[in-house]
Amino acid sequence: MNTSTTFERQTGSVARSVDDLAEWLARHLSPSSHLRLREPMSRRTTLRVGGEADLLLEAGTEADLAEAVRAARSRGVPWMVLGRGSNLLVRDGGIRGLVLTLNQPYFSRIEVHGVRLHCGAGARLKDLSAEARRCGLGGLEFLGGIPGSVGGAMRMNAGAWNAAVFDRLDRLRFMSAEGEVQELPAAQVPFSYRRCDLFRNHIALAADFVGEPSTPSEVEARARDLNERRWKSQPAAPSAGCIFKNPAALPAGRLVDELGLKGTRIGGAVVSDVHGNFIVNEGGATAADVLALIELIRTRAREVRGIELETEVEIIGE
Ligand code: EPU
């Protein structure tokens with residue numbers, strides 16, 4: 001297995017456990033896994049902010065992933081799974097412990113069997129949507145505009161244009177915190193709007209999506225239409241997608257717009273002029289800038305409209 005940089009020893013028992021874990025992983029995992037030390041999360045998130053993760057493992061196989069989870073657990077090192085970093089805000093102090101990511105070829109595979117698409121959790125939704133289009137399978141066009149991975153989208157039941165991932169999921173494969181692998185029909189897994197609790201303590205490994213027989217040109221036309229609507233209504237600058245879940249009263253974007261907060265800036269973070277529920281990094285933003293802007297919006301929504309906004313973006317790190 002490969003390690004990228006020299007790991008400088010830290011003080012404290014967690015730091016020593018992380019050191020020990022790094023050495024163990026470097027010796028025991030297969031060559032298809034890659035270990036990165038002190039990896040800046042600004043490189044791994046679409047918002048382009050966030051401090052360093054102590055250790056980041058790009059797992060190449062399920063066996064390596066299970067070994068890593070068990071090794072971290074036995075050393076008391078916290079771990080988390082990173083998708084494509086498109087719905088994530090990492091604080092500037094970074095992440096203590098191990099970050100696992102499934103961007104290697106085994107986890108990025110997409111295989112078509114009739115109307116079913118079997119894909120690894122690390123596959124990009126954009127690639128899944130493109131593959132469905134190529135095969136003339138409809139119903140997955142909405143995934144093309146979501147900048148995440150299959151696993152990340154399962155974790156939060158991501159959606160767009162009145163469709164969500166669990167509408168199209170047939171079967172799930174996942175790993176427990178003890179490294180045990182299990183499969184379940186999607187129908188047996190509870191989910192709701194932007195939420196699937198199973199993945200709070202399990203790692204998504206793979207999924208079967210089901211498409212509807214159509215023709216490549218029909219699917220292409222629908223995908224193009226959604227893509228155009230997206231680029232008209234959402235900003236192209238680096239962001240983490242929608243910052244807040246839509247409250248019951250009205251869409252969060254409209255609320256921010258009505259509060260007159262579009263264009264509000266803190267440091268390099270700006271409330272998008274295009275869509276009020278997006279905070280964009282106009283260059284050099286820190287996580288602290290983004291968090292301050294989130295708090296400003298929440299306070300105004302509470303004071304002016306009595307609405308408690310809940311973040312959709314996941315906020316982690318120190
Ligand atoms: N609106 C405004 N001003 C704004 C933004 C929106 O008045 O600045 C109005 C729109 O005109 C529309 C309504 O608010 O009448 C809703 O806006 P939009 O159609 O853009 O949908 P949304 O509810 O803001 C949701 C998802 C998006 C997804 C779009 C398209 C959530 C929190 N957001 O946005 O998902 O792409 O629908 O289907 O559910 C994400 O999850 O990260 C995300 C971007």
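Side chains included, hydrogens not; waters and symmetry mates left out as well; all remaining heavy atoms used. Counting convention: from 1, in listed order, for ligands and their atoms alike. The chain is numbered in sequence order, starting from 1.
Atom 15 (O) of ligand 1 is approached by the protein to below 4.0 angstrom, counting heavy atoms only. Put simply, atom 10 (C) of ligand 1 has no protein non-hydrogen atoms near it, under 4.0 Å away.
Within the structure, ligand 1 has Gln234 among the residues with a heavy atom less than 4.0 angstrom away. Look at Arg194 and you'll find a heavy atom under 4.0 Å from some atom of ligand 1. For the ligand labelled ligand 1, residue Phe244 lies inside the 4.0 Å heavy-atom shell.
A cation-pi contact links Arg229 to Trp161, judged by a cut-off of 6.0 Å to the six-membered ring centre and 45° from its axis. Geometric assessment of Arg195 against the ring of Phe191 yields a negative cation-pi assignment under the 6.0 Å and 45° thresholds.
Residue contacts with ligand 1 for Glu312 involve side-chain atoms from C-beta outward but no N, CA, C or O (heavy atoms, distance under 4.0 Å).
At under 3.5 Å, a nitrogen or oxygen of Lys262, whether backbone or side chain, sits near a nitrogen or oxygen of ligand 1. Polar contact check, Asn87 against ligand 1: no nitrogen or oxygen pair lies under 3.5 Å apart. Geometrically, ligand 1 and Ala160 share no nitrogen or oxygen pair separated by less than 3.5 Å.
Protein heavy atom in closest approach to atom 18 (P) of ligand 1: His275 NE2, 3.9 Å. Of all protein heavy atoms, the one lying nearest to atom 31 (C) of ligand 1 is Tyr193 OH, 3.4 Å. If you check which protein heavy atom lies closest to atom 12 (C) of ligand 1, you get Arg254 NH2, 3.9 Å. Trp161 N, 4.7 Å is the protein heavy atom nearest to atom 37 (O) of ligand 1. Protein heavy atom closest to atom 25 (C) of ligand 1, with residue, atom name and distance, is Asn246 ND2, 4.4 Å. Protein heavy atom nearest atom 44 (C) of ligand 1, with residue, atom name and distance: Cys242 SG, 2.9 Å.
For ligand 1 and Gly241, the ligand atoms under 4.0 Å from any heavy atom of the residue are 42 (O). Close approach of ligand 1 to Phe278 is summarised as follows: ligand atoms under 4.0 Å from at least one heavy atom of the residue are 44 (C). Per-residue contacts place Asp257 under 4.0 angstrom from the following atoms of ligand 1 (heavy atoms of the residue considered): 2 (C), 3 (N), 4 (C), 7 (O), 8 (O). Of all atoms in ligand 1, numbered sequentially from 1 with element shown, those under 4.0 Å from a heavy atom of Pro251 are 13 (C), 14 (O), 16 (C).
The environment of NZ in Lys126 is sparse: at most 12 heavy-atom neighbours from other residues, nucleotides or ligands sit within 6.0 Å. Surrounding CZ of Arg124 are at most 12 heavy atoms belonging to other residues, nucleotides or ligands under 6.0 Å away. Within a 6.0 Å sphere centred on CG of Asn162, other residues, nucleotides and ligands contribute 12 heavy atoms or fewer.
For the residue pair Ser176 / Glu178, a side-chain donor-acceptor distance below 3.5 Å is found, with atom types taken as modelled. Using a 3.5 Å distance cut-off with no hydrogens or angles, the side chains of Glu58 and Asn103 do pair a donor with an acceptor.
Using a 30° and 60° split on the angle between ring planes, His118 and His113 fall in the tilted class, from 30° to 60°. Note: Trp24 and His28 have parallel aromatic rings, judged against thresholds of 30 and 60 degrees for the angle between ring planes.
Judged by distance alone, with hydrogens and angles left aside, the side-chain atoms of Asn277 form a donor-acceptor pair with the main-chain N or O of Phe244 at under 3.5 Å.
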CA sep, side-chain torsions, deciding dist, call: Leu117, Ile110, side-chain contact (heavy atoms from CB on, under 4.5 Å): CA-CA 7 Å; Leu117 293 109; Ile110 300 171; 4.2 Å; yes
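For His202 and Phe199, the distance between ring centers is not under 6.0 angstrom.
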